[in-house]
Structure formats: C-alpha cells, structure tokens
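Have a look at the structure below, then the notes.
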Amino acid sequence: MRWRFHTDLTPDDITPREVFVNRRRFIAAGGALLTFAGMPRKPFAASRSDVLKDTPTRYEDATSYTNFIEFGNGKSVASRRAGALTIKPWHVRIDGLVDNPGEFSLAELVREMPQEERLYRFRCVEGWAMVVPWRGFMLADLLKKAGVKPEAKYAAFETLLRPSEMPGQKSPLYKWPYREGLRLDEAMHPLTLMATGMYGRPLPKQNGAPIRLVVPWKYGFKSIKSVVRITLTDKQPPTTWNMLAPDEYGFYANVNPHVDHPRWSQATERLLGSGLFAGNTPTRMFNGYEKEVARLYEGMDLRKYF
Amino acid sequence: MHAHAINAFLRRLPPWPVYILGVLAIAAKIWLAASGHMGPDPVRTLEQELGRLGLQELLAVMAITPLRRLSGISLLRFRRALALVAVFTIAAHLAVWLLLDVQGISAFWREIIKRPYITVGMAAFILMIPLAATSTNAAIRRMGARGWRRLHMLSYPVILLAGVHFIMLRKGWQAEPLFYMAAIMMLLALRLPWSVRPPLRPRRG
C-alpha cells in the first residue's frame with residue numbers, strides 16, 4: 001500500500017529523499033522476499049488474482065517477457081539479445097515547438113529531474129498484464145524545463161535507431177525508428193512518467209534502457225522504450241503500430257474493456273506469473289486509472305478514437 | 001530394395017505406442033505449464049504449443065500417403081493412431097482455450113461468432129469429429145471401403161482450415177504460418193492426379 005500512487009500528486013508532492021531512499025532499500029532488501037522469491041503457487045485459487053493485482057509482478061517475469069521488436073519478434077527475444085545494446089553515453093534530444101531545444105545527457109536528466117517511485121499496472125494490447133514498480137520522473141517536469149510553446153499540441157517520441165545492435169531493425173516490416181505520440185495534455189498528465197529504473201534497479205535493457213515512457217492507462221505499445229528524441233508538434237504525429245495496422249491500433253490506445261481488438265476481446269486480462277489456473281481478471285476502464293484520466297477524454301467517442 | 005527392408009522392420013512394430021507417446025506429449029506440456037516452466041503467461045503459451053503440435057501431427061498424417069507413393073515406405077499401420085493423437089492434441093488445445101482462457105460458454109459462443117480465425121479453427125475441429133468417430137474397423141466395415149474413404153477426404157479441408165486458422169491469428173503475413181501452409185499445399189498437391197506417381201509396388205525383374 002505504501003507504494004500506491006495517489007491521484008492528487010503534483011510536482012510539489014515530491015517524495016522526501018529519506019523516504020525515497022528507504023523505499024528503495026525496502027524494494028531491494030525486504031521486497032526481495034515479498035516480490036522476487038515468488039508467490040506460493042496455489043492452483044484454482046480464484047481470489048489470488050485480486051490479491052496480486054497491486055503486488056509487483058516477479059522481477060524475473062517482468063524482465064523475461066517483453067515486446068521489444070527492435071530485437072526481434074517473440075517475448076523472450078529481447079531478454080536474450082538486448083545485452084549488446086550500448087546505453088552509455090545516452091542523450092535525449094528535445095526539439096520542435098519548445099523554447100529551449102537541445103540534447104540532454106541521461107545523467108543530467110536523472111540529476112536535475114525530481115525522481116519518484118511509482119507502482120503502476122501495465123496492460124499489453126495482447127491481453128497480458130503486470131504490475132511494475134518504476135523509478136523515474138514526470139514527463140511534465142521535463143517538458144516544463146524545455147519550455148513548451150503555446151502552439152504545441154502533441155509530443156512525438158522516437159526510439160534509438162541502431163540496427164547494428166538492434167537486429168530487429170533489419171526487418172522491412174516496420175518503418176524505423178519506432179515512433180509514438182501523445183496529446184499534450186496526456187504528456188503533461190502527472191501519471192505520465194519517464195522511467196529510468198524498475199524494482200529499485202536501473203532499467204534492464206530488454207525493458208527499454210536507459211530511459212522509456214510509461215503511460216499506465218494506455219496499452220503497453222504506447223510506452224515507447226529507449227527514447228532518444230522528443231519532439232513537440234502541432235499535428236498528431238505518426239505512430240508505429242497505427243501506421244502498420246490502423247484498424248487494430250489507434251493513436252489513443254487507451255485501455256478499454258468495451259472496445260475489442262479485431263482478433264480478441266479486451267474485456268479481460270491474464271496477469272503475468274499468476275499461473276495456469278488463476279483465470280483471467282476483468283480489465284478496467286483506463287486500466288483502473290479512470291478517476292485520474294477520464295476527464296481528458298470527456299465528450300470523445302472512445303470507439304471512434306480507440 | 002531399402003523400402004522392403006524398412007517395411008519389414010515397421011511391420012514388426014505395434015501401433016499402440018503412438019497413442020502412449022501422443023498422450024504423454026500432451027500431458028508433458030500441461031505439466032510444464034502448470035509447474036511454472038512455460039514462462040509467465042502459461043495459458044497463452046500452452047494454447048499455442050498444443051495448437052502447433054496438433055498441426056504438426058496432422059501434417060505427419062497427411063505425409064503418409066505421399067511418402068508411400070514416392071519412396072515405397074509404408075507407415076499406413078500407424079496412420080489411425082497418429083490421426084487420433086492429432087485429434088486429442090487439438091481437443092486439448094481447444095480445452096485450454098475454453099477452460100483456462102475464455103472461461104465460460106457465453107464468451108465461447110461470442111468468440112466463435114465474432115473472431116473469424118476462431119470460426120475457422122472451430123470448423124476444422126468439428127470436421128474432425130466424424131473422422132475420429134469412424135476410425136474403428138467396425139465403422140469401416142459398416143460404411144464400406146469406398147464410403148469410408150470418401151468421408152475421410154474431409155481431412156483435406158480440415159488441414160487447410162487449420163493452416164488458414166494459423167495464418168489468420170498472427171498479425172500480418174508471418175513466416176511461420178506461411179511455412180506450414182506451404183507444407184500443407186505441397187502434401188495436398190502430391191495427391192492430385194497429375195502429380196508424379198511412381199508404381200506402388202516395386203516391379204519384379
């Protein structure tokens with residue numbers, strides 16, 4: 001419960017350093033027992049899913065089961081191949097409709113941005129879900145530092161393009177680099193995080209090291225990994241999965257149990273690590289963050305803008 | 001002839017171990033998934049692995065006739081066992097989907113109607129039922145060889161539908177299901193009248 005995200009959080013509510021450090025110690029030491037040693041596997045215990053809902057997914061599961069198409073297709077490909085990725089040095093370029101465009105080193109960002117721990121649910125468009133304790137800073141803080149011009153309406157993101165280390169980028173199936181985008185109010189929302197760590201450790205490479213976006217109320221593909229560029233624009237930017245299959249993956253991609261993917265229902269989800277017999281759990285509107293984000297979409301037809 | 005020697009050896013093998021191995025393969029996969037050895041998303045992984053195994057078994061069944069025509073090696077004695085094992089495997093694939101994934105009859109019907117790839121997969125499974133039900137010697141006697149053979153030509157649409165199901169459930173045109181489809185088309189093409197047909201029995205000189 002002490003990790004649970006409170007919706008009234010503002011930039012002024014930065015976690016005091018001593019609490020932050022204690023939390024990290026809790027995750028690293030005590031949490032190891034709770035989180036990493038694995039939960040007792042009780043088949044047919046239907047209520048376990050509810051208990052697990054806000055318990056972090058096992059570190060091994062969250063880091064071995066990833067979609068990171070830059071390294072190839074298949075859930076375990078990235079955890080086997082991502083070791084080759086060079087993440088030092090790393091720079092993030094911020095450009096477009098900002099007052100202070102430029103390149104920022106990762107070290108600089110981590111030093112200057114207020115760091116926070118956030119325990120978020122994560123829901124993949126494919127129907128699996130997990131709970132991850134992230135560490136990072138609010139994208140809003142970074143954008144404020146860059147100075148968003150009034151005409152900016154969207155934020156566009158790009159993943160590193162380096163086929164020599166990311167063999168999946170040799171596939172002609174996708175248009176590289178991987179691209180994602182948010183509406184400006186989504187980008188500025190206090191839930192929207194730039195993560196540099198998880199489970200009290202630096203972000204593993206297969207999970208998008210060294211810095212990635214985390215938008216917990218949207219399907220996982222929106223949470224772009226290994227970000228090198230953020231561009232503020234006045235037009236809705238093209239996004240990778242939407243370009244590939246616009247009828248299957250919308251620009252908004254808000255988690256919504258009422259709007260099915262053409263090939264499967266989105267009404268339920270399978271929680272990673274809950275075992276063969278745990279059963280599916282109902283998917284919640286906006287992945288359970290309805291109270292925090294529903295107002296962003298007031299008056300919008302979410303079936304049309306899926 | 002090598003084929004003669006091989007056939008003589010094969011004649012000494014009973015077909016029943018095929019059933020045991022087939023059921024053990026299914027049981028092993030379920031055990032691996034239940035004991036946490038199939039990764040963090042075992043329902044999906046087990047579903048996919050049983051589906052893939054069932055398709056491989058169907059391919060093996062459909063390869064028996066072309067193999068005999070092309071090489072003279074006859075695995076005909078094992079075909080019934082192998083085909084029933086394929087039906088068991090596909091039934092397990094369906095059961096995992098129904099009992100552990102969609103969970104519930106109303107969701108089951110909704111998915112069959114709403115998702116074309118599931119409709120196609122279910123059609124393949126339903127077409128397999130009369131084939132499994134007429135797999136006994138008594139059924140062959142009752143139906144007569146010709147009638148039985150005609151009914152069992154349903155195995156061609158079954159394997160085609162299975163291949164289409166695999167292609168459709170993947171995003172876009174992916175290599176793996178297309179590879180299986182190519183194998184299916186090849187095995188079916190070898191049955192066409194104009195395909196090469198060496199004599200069934202080696203001629204005596």
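In this text, all values refer to a predicted model and were calculated from it rather than measured experimentally. Each chain gets a letter, A, B and so on, in the order its sequence line appears, and its residues count up from 1.
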Which answer fits B/Met38, side chain, backbone, both or neither, if we ask what part of it has an atom under 4.5 Å from a heavy atom of chain A?
-> neither
Residue part contacting chain A, namely of B/Leu169, when any heavy atom lies under 4.5 Å =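 Backbone of B/Leu169 only, per the 4.5 Å heavy-atom cut-off to chain A.
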At what distance, to the nearest 0.5 angstrom, does [atom1] of [X] lie from [atom2] of [Y]?
{"X": "B/Leu100", "Y": "A/Leu276", "atom1": "CG", "atom2": "CG", "value": "5.0 Å"}
{"X": "A/Arg263", "Y": "B/Glu111", "atom1": "CZ", "atom2": "CD", "value": "13.0 Å"}
{"X": "A/Lys75", "Y": "B/Arg44", "atom1": "NZ", "atom2": "CZ", "value": "8.5 Å"}

Is it the case that more than 12 heavy atoms not belonging to A/Lys170 sit under 6.0 Å from its NZ atom?
->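 Atom NZ in A/Lys170 is packed in, count exceeds 12.
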Neighbour count above 12 (heavy atom, 6.0 Å) for B/Met185 CE | no
Does A/Asn280 use its side chain to pair, donor to acceptor, with the backbone of B/Asp101 at less than 3.5 Å?
->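 Pair found, side chain donor or acceptor close to backbone of B/Asp101.
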Side chain proximity check, B/Arg115 to A/Asp260, heavy atoms < 4.5 angstrom |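 Side chain of B/Arg115 against side chain of A/Asp260, heavy atoms only: contact under 4.5 Å found.
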Proximity of residues 64-73 of chain A to chain B, residues having a non-hydrogen atom under 4.5 angstrom |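 The list, in residue order, reads A/Ser64, A/Tyr65.
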